[in-house]
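Quantities reported herein were computed from a predicted structural model and do not represent experimental measurements.
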Amino acid sequence: MASTTSAKPESERKVRFYRVFTRKSLKSTTALLAYLALADFLVHMLFAGSYGYFRDELYYIISGTQHLSLGYVDFPPFIAYVAALLNIISKDSLISIHVVPALNEALLVFVAGMIARELGGGRQAQVLAAVSTLVSFGFLAFGSIFTPDSFDSLWWSLLAYLIIRGIKRKEPKLWILAGVVVGVGLLTKLTIFFFIASLFFPFLAIPSSRKYLRSKWIAVGGLISVVFILPMIYWNSINGWPMIHFYAEFRGDLSGGGPLSFFFTQLALISILNVPIFVIGLYFYLRSNEGSEFRALGLTYLILYVFMTALNMKTYYLVPIYPMLFAGGALLIEKSSTAKRGVIRWFGSKPFIVCLIVVAMLLAPVAMPILSPQTMLSTYGVSSYQSSPLPDRYGWGMTVSNLSKAYDTLPVSVRSQACILTSNYGEASAVNFLGKSLGLPEAISGHNNYYIWGPDSCSGQVIITLGYSLSDLQKSFGNVTLLTTINCPLCIFYEQNLPVYLCTNPNFSSLAAVWPLVRHYD
């Protein structure tokens, strides 16, 4: 009896402690970061089924479900393996594939706050870094499309977090984990290599940072990252190094638009109201006493910016580095707010954060499939619509359906021999993924990976083309007949008014013999 009465107060104390702990944890800064991440995820999932599949989404699905490999011409294999896994789970349904980028961007929001914490920031700095990341135009777009970009952003920020933590806490073994992140990053998108290369030179040049390069753990991390990409290197070696040929044939046309366009697009991609936070963050790494340990990270941004501008790289390639800069800016803003001095403290105020969110809400329809195409056009105009990712995820079902109708008008004897040749991988992937249920034959193409996959069993005696010009086809076929023209006014501009031709009486013995002539890498 005595033991029972003595145990009761102890049990009550445990319950009270549990309640207090739970209440505190739900109000903690970590919980607040988790709430922001959850909000980001839910907003993206709310519109996950809008519009349709993005061009590249269809490409990755076909790569993962029909051509799973150790490597590909124009992208590392990680995204294809994710698509293969999602096919097993959900048959790559439209909503299911969008869970992945939404989750990636939610985690990125959380990591941005954790970077600010690791730099020494409190609640205000962590929340501001997370919100700045959440509302950035580029990340709003990445979080709604199943491409390597959402993974890439997460890997960059995780790597920055590990570097900052390793320096701050003197934990050299974190270079091993950094090596894993780099390895997975290289399997996701090769642009993380530019981040690593740009990090190396400042670490080498700054005496206080040079010591980290002498650590045995950074060598171990480097070896681990190389191990991750060995299968991809092997695939390239046995296939004639197609990835090298791909980048060699790009001819430097990476659509950066020139220095001025690159500069102003950076401001737009991070959201114009985030610019002060970014500038203050750059100052934190380059000039402030608080950021003296991390000078190399600030110089890394400058090197990357100059390098990508000089090579006319795509403007969004630089976007993954900004959460690290937001975190540094948020820290200095918090310190100014605490000291109640300086104009910059206003950038951490609640009214400013509300402004960030309001502007993001106004711009989000340009990056995410929130509004219908007609409403989007009437509200934001044709130029905003066509320059966004939206039109390239609209109309693929319509295009394939119209192609199927043209195919069904052909005699059975013609259909039995026909194969479909498209001008690009988006068209071919749409036919192969969306056209299977309509009875369309498998599409082939000379574009990027489709060239490697070859003409398969297509003899070339009867070919239905999509997107090819009449003059080009008349060079190779004796008979070319226009079956239909697929008009999709709301599609991306280069998928509008697509001619569909029936080509017979070829002047070649087999399609395989002339297949190298259809190759184009871009």
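Proximity of Q374 to S378: side-chain heavy atoms (C-beta onward) are nowhere separated by under 4.5 Å. Using a 4.5 Å heavy-atom cutoff, the side chains of L186 and M232 are not in contact. Looking only at side-chain heavy atoms (C-beta outward), Y81 and L68 come within less than 4.5 Å of each other. Using a 4.5 Å heavy-atom threshold, the side chains of V382 and L377 count as touching. Contact of the I464 side chain with the L403 side chain is registered, since non-hydrogen atoms from C-beta on lie closer than 4.5 Å. Between Y451 and P516, the closest side-chain pair of non-hydrogen atoms falls below 4.5 Å. Side-chain contact between N402 and T484: absent, with no pair of heavy atoms (C-beta onward) separated by less than 4.5 Å. Side-chain contact between L511 and I444: present, with at least one pair of heavy atoms (C-beta onward) separated by less than 4.5 Å.
For the side chain to side chain donor-acceptor pair (under 3.5 Å) with W155, the lone residue among T191, N104, T188 that qualifies is T188. No option in Y316, Y317, Y305, F307 other than Y305 meets the ring pair (Phe, Tyr, Trp, His ring centres under 6.0 Å) test with F262. A side-chain contact (heavy atoms from CB on, under 4.5 Å) with L502 is found for exactly one of N479, V414, V480, namely V414.
H44 places no side-chain N or O within 3.5 Å of a backbone atom of A102 that could act as its donor or acceptor partner. Side chain of N432 to main chain of E442: no donor-acceptor pair is present (N/O by atom type, distance under 3.5 Å, no hydrogens or angles). Between the side chain of W175 and the backbone N or O of A219, no donor-acceptor pair lies under 3.5 Å. Here the side chain of S144 pairs a donor or acceptor atom with the backbone of A141 at under 3.5 angstrom. Remark: side-chain polar atoms of Y51 are not paired, donor with acceptor, to backbone N or O of P391 under 3.5 angstrom. With hydrogens and angles disregarded, no donor-acceptor distance shorter than 3.5 Å links the side chain of S132 to the backbone of A129. In terms of modelled atom types and a separation under 3.5 Å, the side chain of S384 and the main chain of G381 share no donor-acceptor contact. E249 places no side-chain N or O within donor-acceptor distance of the main-chain N or O of D522, the cut-off being under 3.5 Å. Checking side-chain atoms of N312 against main-chain N and O of G258 turns up a donor-acceptor pair under 3.5 Å. Checked by atom type and distance alone, the side chain of E495 never pairs as donor or acceptor with a backbone atom of D392 at under 3.5 Å.
Note that the CD1 atom of I145 and the NE2 atom of H98 stand 7.5 Å from one another [nearest 0.5 Å]. Once rounded to the nearest 0.5 Å, the distance linking CG of D472 with CG of L517 reads 11.5 Å. Taken from CD1 in I97 to CG in D92, the straight-line distance is 6.5 Å, to the nearest 0.5 Å. Taking CG from L304 and OG1 from T309, the interatomic distance works out to 10.0 Å, rounded to the nearest 0.5 Å. Between L325 atom CG and T300 atom OG1 the span is 10.0 Å, to the nearest 0.5 Å. Atom OG1 of T399 is separated from atom OH of Y394 by 10.0 Å, given to the nearest 0.5 angstrom.
Residues Y501 and Y468 place their aromatic rings such that the two centres sit no closer than 6.0 Å. For F195 and W156, the ring centers sit closer than 6.0 Å to each other. Between Y53 and F146, the gap from one ring centroid to the other reaches at least 6.0 Å. Ring centroid separation for the pair F75 and Y59 comes in under the 6.0 Å cut-off.
Heavy-atom minimum distance, I370 versus P365: CD1-N, 4.0 Å. For the pair L434 and G397, the tightest heavy-atom approach, listed with the atom from each and the gap, is CD1-N, 4.0 Å. Among all heavy-atom pairs drawn from Y380 and V366, the shortest one is CD2-CG2, 3.7 Å. V135 approaches A360 most closely through the heavy-atom pair CB-CB, 3.5 Å. Here the shortest heavy-atom pairing between P455 and A512 reads CG-CA, 4.1 Å. Here the closest non-hydrogen pair linking M324 and A160 is SD-CB, 3.9 Å.
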Side chain to side chain contact (heavy atoms under 4.5 Å, CB included) assessment of L363 paired with L140: CA-CA 9 Å; L363 292 177; L140 290 174; 5.7 Å; no
Criterion side chain to side chain contact (heavy atoms under 4.5 Å, CB included) on Q386 and I492, from CA distance to verdict: CA-CA 6 Å; Q386 281 293 331; I492 194 74; 3.6 Å; yes
Verdict with reasoning, Y450 to S429, per side-chain hydrogen bond (donor to acceptor under 3.5 Å, both in side chains): CA-CA 9 Å; Y450 274 93; S429 299; 3.0 Å; yes
From CA spacing to verdict: side chain to side chain contact (heavy atoms under 4.5 Å, CB included), Y322, T133: CA-CA 8 Å; Y322 287 108; T133 301; over 6 Å; no
N87 and I61: CA distance, side-chain angles, deciding distance, side chain to side chain contact (heavy atoms under 4.5 Å, CB included) verdict: CA-CA 8 Å; N87 182 62; I61 289 171; 5.9 Å; no
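Atom CZ of F201 has 12 or fewer heavy atoms from other residues, nucleotides or ligands within 6.0 Å. Counting non-hydrogen atoms of neighbouring residues, nucleotides and ligands closer than 6.0 angstrom, the CZ atom of F508 exceeds 12 such neighbours.
The closest side-chain donor-acceptor pair between S96 and S90 falls under 3.5 angstrom.
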